[in-house]
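Here's the structure, in structure tokens; my notes come after.
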Amino acid sequence: MLDLKFIRENIELVKEGLAKKGEKADLGPFLELDARRRTVLQEVETLKSERNKVSEEIARLKKEKSPEADKKVLEMRQVGDKIKLLDDELRIIEEKLTEITLALPNLPDPTVPLGQSEKDNVVEKTVGDEKKFDFAPQPHWELGEKLDIIDFERGVKMSGTRFYLLKGAGAKLQRALIAMMLDVHTRKHGYGEILPPYIVNHHCLIGTGQLPKFSDNLYHDAEEDFWLIPTAEVPVTNMYRGEILDGSQLPLYHVAYTPCFRREKMSAGKDVRGIKRGHQFDKVELVKFSLPENSNQELQKLLADACAIPELLGLRYRIVQLCTADLTFSSVKTYDVEVWAPGCNEWLEVSSCSNFGDFQARRANIKFRREPKAKPEFVHTLNGSGLALPRTMIAVMENYQNADGTITVPEVLRPFMGMDVIK
RNA sequence: GGAAGCGUGGCCGAGUGGUUGAAGGCGGCGGUCUUGAAAACCGUUGUGCCGCAAGGCACCAGGGGUUCAAAUCCUCUCGCUUCCGCCA
């Protein structure tokens with residue numbers, strides 16, 4: 001959410017920022033409502049001030065048993081009616097303002113490359129060489145079925161399209177990856193491990209920016225205010241919702257492994273083959289709370305922490321900076337990490353590392369104090385996958401496959417797997 | 001799911017319609033004293049919004065209502081505790 005005062009005072013800057021993101025919002029209604037709000041507010045507060053004074057007077061007069069009291073009560077009854085009318089108007093104005101501001105995306109950082117679509121994203125660097133095969137590498141869905149470690153048919157039978165089961169060494173491989181990632185981030189990168197609820201209320205989703213605009217992509221309970229998380233970012237960022245943190249504790253680093261649930265209505269027909277895009281998938285997520293002045297530096301460190309995983313797995317990967325048009329709703333600046341999958345012959349996004357500035361902090365009301373008595377300020381929030389499991393699985397399976405259809409277990413995972421080859 | 005009780009500031013805790021944004025205590029911060037520390041004493045100690053400012057308004061789990069006036073009364077929601085039922 002953008003600050004009301006900031007929009008009011010920087011209207012051209014806001015328009016420009018929104019345009020860069022491909023958002024053509026008409027801010028006219030905003031300005032009108034904002035002005036009207038302040039007028040009505042001042043009016044009603046003057047009346048309330050008067051009522052407060054006279055009410056005190058009435059208390060005194062009643063104590064003195066003065067006949068004046070009843071007259072004043074009648075007067076105040078009329079003032080009360082006026083207040084009620086103005087308060088009602090104010091409530092409507094504020095609801096509309098909230099509706100508008102909650103739907104406005106965050107503004108991009110000035111350093112983000114301008115672009116019209118994902119085609120304008122910038123590949124920053126590519127690490128590692130392409131693996132040479134003396135046979136035609138198979139896609140993971142073929143490897144998985146032949147080794148009986150991924151079962152697509154039964155997944156569909158149980159739940160429907162875009163569901164699958166991991167079996168035996170497949171399930172174990174994913175468990176090994178999760179354990180390895182959590183160990184690396186907690187032991188080497190200083191993240192505190194969290195195991196959050198997988199179901200949250202709507203306040204959390206407003207806090208991180210999924211609601212109110214993107215409810216289409218979320219699963220929720222028909223009767224209660226229960227929503228399945230689309231990413232651990234939601235519960236972990238909202239841990240500190242409505243709190244004022246001690247500035248000396250910042251930056252705070254958290255890592256959480258959770259399943260993620262997405263309806264994927266927006267990507268119907270896209271990536272239907274294999275395990276690349278399911279309605280349920282697992283992910284290890286990194287979340288940071290930072291001082292405003294350090295957030296871009298923290299983003300670079302976050303990105304490095306995410307890249308440590310493909311590095312350890314010996315996977316070829318690249319870093320892509322998203323252009324203005326491809327930034328998500330809440331993001332100020334984002335880098336994707338992609339790994340190469342020789343079987344399906346494409347780069348797979350396994351992490352998306354973003355700085356959200358104070359956008360989420362403002363929505364979720366997460367503040368900090370620099371000094372014990374200092375005025376509270378909004379923190380900056382950041383997050384990135386570290387990493388998403390299905391696509392990491394794909395990359396491991398396809399890169400480590402052998403001519404006979406077996407898969408060699410990467411060195412780092414062997415202590416977790418208790419086997420060298422999946423056959 | 002049923003019944004009863006409860007929900008006040010960082011924490012504990014007073015307060016059942018009228019100078020209560022809220023007593024008192026603890027904790028925190030500043031000071032006096034001390035070589036230093038402790039103790040003692042004094043002072044200070046919530047957030048948001050509107051306003052150039054002076055200042056004003058709002059907030060006692062959350063929403064709605066009654067009243068000239070609500071932490072205090074009514075109502076709904078949420079949460080906590082205890083008992084019963086159920087369950088991993």
Side-chain angles (χ1 to χ4, degrees), chain A residues 1-9 30-102 195-207 211-212 220-227 235 238-250 252 358 361-379:
Chain A
M1 185 154 65
L2 303 174
D3 181 35
L4 287 186
K5 208 175 287 174
F6 180 84
I7 304 176
R8 185 191 309 149
E9 289 168 5
F30 168 86
L31 290 173
E32 265 172 50
L33 285 165
D34 177 60
R36 180 71 189 148
R37 168 174 173 266
R38 284 178 295 152
T39 307
V40 175
L41 192 63
Q42 283 173 35
E43 218 174 307
V44 75
E45 286 190 353
T46 307
L47 289 175
K48 282 182 181 174
S49 173
E50 187 193 341
R51 184 178 66 182
N52 287 344
K53 277 199 204 90
V54 177
S55 287
E56 252 176 61
E57 219 178 298
I58 290 172
R60 216 186 51 237
L61 291 172
K62 286 211 164 180
K63 217 178 270 176
E64 295 165 1
K65 301 222 174 355
S66 160
E68 280 289 295
D70 290 339
K71 212 176 110 197
K72 297 271 184 199
V73 167
L74 283 174
E75 265 177 54
M76 282 310 102
R77 199 171 288 170
Q78 293 190 343
V79 172
D81 289 345
K82 266 192 221 165
I83 289 174
K84 187 172 270 179
L85 283 175
L86 290 173
D87 263 344
D88 286 345
E89 185 184 352
L90 202 58
R91 189 162 53 214
I92 292 166
I93 292 171
E94 288 184 342
E95 269 168 22
K96 281 186 192 156
L97 271 177
T98 306
E99 195 184 309
I100 292 174
T101 49
L102 282 180
L195 202 153
Y198 305 154
I199 299 179
V200 295
N201 59 36
H202 76 282
H203 297 288
C204 292
L205 290 151
I206 287 172
L211 288 181
H220 69 102
D221 187 289
E223 292 172 356
E224 299 195 71
D225 185 19
F226 283 155
W227 302 71
N238 279 280
M239 271 173 66
Y240 303 112
R241 178 154 50 83
E243 296 187 23
I244 300 174
L245 305 171
D246 175 356
S248 66
Q249 298 175 314
L250 298 177
L252 274 168
D358 63 4
R362 183 169 268 117
R363 288 174 158 249
N365 192 23
I366 307 169
K367 299 189 164 181
F368 75 101
R369 250 189 269 267
R370 287 180 194 273
E371 302 293 333
K373 279 188 190 171
K375 187 174 150 64
E377 300 170 54
F378 289 112
V379 299

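Keep in mind it's a predicted model, so treat the numbers as computed, not measured. Residue numbering restarts at 1 for every chain, and letters A, B, ... go by the order of the sequence lines.
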Closest approach to the side chain of [X], judged atom by atom: which nucleotide of [options] is it?
X: L41(A); options: U47(B), C50(B), C68(B); result: C50(B)
X: R77(A); options: U47(B), C68(B), G56(B); result: C68(B)
X: K5(A); options: C50(B), G18(B), G46(B); result: C50(B)

Taking only the side-chain nitrogens and oxygens of [X], find out if one of them lies under 4.0 Å from OP1 or OP2 of [N].
X: R51(A); N: C68(B); value: no
X: K367(A); N: G48(B); value: yes
X: K84(A); N: U66(B); value: yes
X: N52(A); N: A58(B); value: yes
X: R38(A); N: G51(B); value: yes
X: R369(A); N: U47(B); value: yes
X: S55(A); N: G18(B); value: no
X: R8(A); N: C50(B); value: yes

Under 4.0 Å between any heavy atoms, over every strand shown, what does [X] touch: base, sugar-phosphate, or nothing? Just pick one.
X: K48(A); value: sugar-phosphate
X: R37(A); value: sugar-phosphate
X: K62(A); value: base

Could you work out the separation of [N] and [M] based on their [atom1] atoms and round it to a whole Å?
N: A69(B); M: U20(B); atom1: C1'; answer: 13 Å
N: C73(B); M: C60(B); atom1: C1'; answer: 16 Å
N: U8(B); M: A61(B); atom1: C1'; answer: 10 Å
N: G17(B); M: C86(B); atom1: C1'; answer: 44 Å
N: C76(B); M: U81(B); atom1: P; answer: 23 Å
N: C74(B); M: U16(B); atom1: P; answer: 14 Å

Practice item. For L4(A) and G51(B), give me the distance from atom CG to atom P, rounded to whole Å. Key: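 Roughly 11 Å, once rounded to whole Å.
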**Study point:** Interatomic distance, E45(A) CD vs G55(B) C1' [rounded to whole Å]
**Key:**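 For the pair E45(A) CD and G55(B) C1', the rounded distance is 11 Å.
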Point to revise | Complementary nucleotide of A70(B), counting Watson-Crick and G-U pairs under 3.5 Å | key: none
Point to revise | Counter-base of G43(B), judged by Watson-Crick or G-U geometry with both distances under 3.5 Å | key: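 Answer to the pairing question: C29(B), which forms a Watson-Crick or G-U pair with G43(B).
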Review point. Which is it for D34(A) and R38(A) under the salt bridge (Lys or Arg N to Asp or Glu O under 4.0 Å) test, yes or no, and what are the steps along the way?
Key: CA-CA 7 Å; D34(A) 177 60; R38(A) 284 178 295 152; 3.4 Å; yes
Check your understanding: Does E43(A) pair with K82(A) as a salt bridge, N-O distance under 4.0 Å?
Key ->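 The answer is no: the pair does not qualify as a salt bridge.
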**Study point:** Electrostatic pair K84(A):D81(A) at N-O distance under 4.0 angstrom
**Key:** no
Review point. Is any N or O donor-acceptor pair between the side chain of Q42(A) and the base of G51(B) shorter than 3.5 Å?
Key: no
